[in-house]
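Here is the structure we will look at.
What you see is a predicted model, and the numbers here were worked out from it, not measured in a lab.
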Amino acid sequence: MNFNPNELVLERIRAVEEYDPATKELTGRFTQIEEPSLSTSAEGTNVTDAMGNPIMTFYNAQSGTFGFSNSLFSLDLAASQYASRKETASDVDKFRMPVSETIEIGSDHTVKLRYVPVGPDGAEVKYVKVINANSTFGKTYEVAETAGEGKFTIDAASRTITLPDDAEGRVFVNYEKETSNAVKVTKTTNGIPEVRSLVIHAIFHDPCNKNVVYSGVIYAPRAQIDPSSVELTLTAEGKHPASYLLQKPYCDESGRLFEILVSED
């Protein structure tokens with residue numbers, strides 16, 4: 001007897017995968033899926049008689065939407081949403097990264113930075129601000145060749161800032177460091193998310209026997225992330241939502257929007 005189920009229990013969507021539709025290369029995989037939903041829509045055109053009474057309705061421009069929230073912030077998903085790519089730093093291609101530190105001024109009127117600052121020679125740090133005892137900002141010092149009234153010097157190689165003799169307490173320092181151990185995703189104003197193929201993996205159960213498990217896949221050949229509204233809640237409890245517009249491949253005469261496949265084995 002052929003496998004031909006009807007009603008099933010959908011346990012969960014276990015993974016969403018993005019592929020380049022031309023090369024079939026995997027471009028993103030998301031595994032912490034919450035609140036997945038799949039919907040379709042169509043535009044209706046009413047045919048009426050001379051009195052405006054409806055005769056029939058034709059439906060066309062059918063499309064779909066697949067949306068979900070990833071439980072964890074995903075750099076790969078952000079790259080897709082921002083029409084970017086996840087770049088990886090290396091010893092050859094280092095990234096510059098902003099650093100902000102609050103540091104106690106030493107008894108010798110020096111400040112030791114955590115990282116080697118980068119920038120114009122002798123001016124890798126341009127300004128240093130004193131933090132008052134009440135946590136407000138106080139005097140501002142500017143980099144110079146010689147420490148003096150309102151001036152400080154910097155030795156980038158030793159990560160040392162030398163302040164004038166009257167400086168005391170704590171200072172706030174902002175600078176840039178170089179790192180070979182980082183990743184980066186960039187959002188630009190002219191990037192449009194590329195069209196992908198989606199493979200959505202699902203787990204089903206026989207409703208009469210929980211121990212009978214079926215694997216399922218929802219395959220959408222043409223999916224494009226909706227960039228019109230991308231909002232990330234920047235908290236530990238925040239989720240990473242995404243929404244894809246599903247359309248048929250224009251040159252596909254079958255008009256296939258997506259397929260739902262369930263396998264017994």
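Using modelled atom types and a 3.5 Å distance limit, the side chains of E145 and T153 yield no donor-acceptor pair. No donor-acceptor contact under 3.5 angstrom links the side chains of S69 and E34, judged on distance only. For T136 and N134, the side-chain atoms include at least one donor-acceptor pair closer than 3.5 Å. If you check the side chains of N46 and T57, you find a donor sitting under 3.5 Å from an acceptor. Defined by atom type and a distance below 3.5 Å, a donor-acceptor pair is missing between the side-chain atoms of D226 and S243. Checked by atom type, the side-chain pair Q81/H240 shows a donor-acceptor distance below 3.5 Å.
Hydrophobic clustering (ILVMFWY, side-chain heavy atoms < 4.5 Å, transitive): Y115 and V111 are in one cluster. Transitive grouping of hydrophobic side chains (ILVMFWY, heavy atoms separated by less than 4.5 Å) keeps L8 and V217 in distinct clusters. Residues Y19 and I260 fall into different hydrophobic clusters, defined by Ile, Leu, Val, Met, Phe, Trp and Tyr side chains chained together at heavy-atom separations under 4.5 Å. With hydrophobic clusters built from ILVMFWY side chains whose heavy atoms lie under 4.5 angstrom apart, I225 shares a cluster with I33. Note on V183: it clusters hydrophobically with Y82, by side-chain heavy-atom contacts below 4.5 Å among ILVMFWY residues.
Contact record, F204 with S215: CD1-C, 4.5 Å, taken as the closest heavy-atom pair. Nearest approach of V262 to F3, heavy atoms of both residues: O-CE2, 3.6 Å. Nearest heavy atoms, F95 versus A182: CE1-O, 3.8 Å. Between K139 and D166 the shortest heavy-atom distance is NZ-OD2, 3.8 Å. Minimum heavy-atom separation, L26 to E18: CD1-O, 3.3 Å. The heavy-atom pair separating S197 from P21 by the smallest distance is OG-CB, 3.5 Å.
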Mind running salt bridge (charged side-chain N to carboxylate O under 4.0 Å, His left out) on E101 and K177 for me, showing each step along the way?
CA-CA 12 Å; E101 291 190 66; K177 68 171 183 177; over 6 Å; no

Verdict with supporting geometry, R222 and K248, side-chain contact (heavy atoms from CB on, under 4.5 Å)
CA-CA 6 Å; R222 188 175 190 273; K248 80 174 188 71; over 6 Å; no

Decide yes or no on side-chain contact (heavy atoms from CB on, under 4.5 Å) for I105 and I103, but give the supporting numbers first.
CA-CA 6 Å; I105 301 172; I103 312 170; over 6 Å; no

Determine, step by step, whether F152 and V125 satisfy the side-chain contact (heavy atoms from CB on, under 4.5 Å) criterion, reporting the C-alpha distance in whole Å, the side-chain angles of both residues, the deciding distance to 0.1 Å, and the verdict.
CA-CA 10 Å; F152 69 89; V125 175; 4.0 Å; yes

Worked check of side-chain contact (heavy atoms from CB on, under 4.5 Å) between V128 and E142
CA-CA 7 Å; V128 167; E142 187 176 0; over 6 Å; no

For Q62 and S41, what are the C-alpha separation, side-chain angles and deciding distance, and is it a side chain to side chain donor-acceptor pair (under 3.5 Å)?
CA-CA 6 Å; Q62 296 194 54; S41 62; over 6 Å; no

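Of the possible polar contacts, none joining the N2 side chain to the N4 backbone as a donor-acceptor pair under 3.5 Å is found. Looking only at distances, a side-chain donor or acceptor of T179 sits under 3.5 Å from a matching main-chain atom of N181. Of the possible donor and acceptor atoms, none in the side chain of N132 sits under 3.5 Å from a partner among the backbone N and O of S135. Distance alone, capped at 3.5 Å, is enough to place a donor-acceptor pair between the K112 side chain and the S158 backbone. Judged by distance alone, the side chain of K210 and the main-chain N or O of P207 form no donor-acceptor pair under 3.5 Å.
Heavy-atom neighbours of E11 CD from other residues, nucleotides or ligands within 6.0 Å: above the threshold of 12. Open room surrounds CD on E35; 12 or fewer heavy atoms of other groups in view lie less than 6.0 Å from it. Counted within 6.0 Å of CG on D49, heavy atoms from surrounding residues, nucleotides or ligands total more than 12; the atom is thus considered enclosed. For R14, the CZ atom is densely surrounded, since the number of other residues' heavy atoms within 6.0 Å is greater than 12.
For the pair F66 and L246, the minimum side-chain heavy-atom distance is below 4.5 Å. Between L113 and Y175 the shortest side-chain heavy-atom distance falls below 4.5 Å. A heavy-atom distance below 4.5 Å is not found between the side chains of Y214 and H205. Here the side chains of V171 and I131 are not in contact, with every heavy-atom distance at 4.5 Å or above. V130 places a side-chain heavy atom less than 4.5 Å from the side chain of Y141. In this structure the side chain of L245 reaches within 4.5 angstrom of the side chain of S63, judged on heavy atoms. P221 has its side chain within reach of R256: a pair of non-hydrogen atoms, C-beta onward, lies under 4.5 Å apart. When side chains are defined from C-beta on, N53 does not count as touching T48, because their heavy atoms never get closer than 4.5 Å.
A side chain to side chain donor-acceptor pair (under 3.5 Å) with K129 holds for exactly one of T102, N174, T140; it is T140. Of the options V199, L77, L198, a side-chain contact (heavy atoms from CB on, under 4.5 Å) to V16 is made by L198 and by none of the others.
Under 4.0 Å is where a charged nitrogen must lie from a carboxylate oxygen, and between K151 and E149 no such pair does. Classification of D76 and R29 as a salt-bridged pair fails, no side-chain N sitting under 4.0 Å from a carboxylate O.
Summarising the geometry, atom CG belonging to L261 is positioned 10.5 Å from atom OH belonging to Y219; distances are rounded to the nearest 0.5 Å. Here the straight-line distance linking atom CD of E176 with atom CZ of R96 works out to 5.5 Å at 0.5 Å rounding. Within the model, atoms CG of L232 and NZ of K239 stand 13.5 Å from one another, a figure rounded to the nearest 0.5 Å. With rounding to the nearest 0.5 Å, the separation of CZ in F258 from OH in Y244 is 16.0 Å. Expressed to the nearest 0.5 Å, how far CD1 of I161 lies from CD1 of I154 amounts to 4.5 Å. Going from atom NZ of K184 over to atom CG of L75 covers 13.0 Å, rounded to the nearest 0.5 Å.
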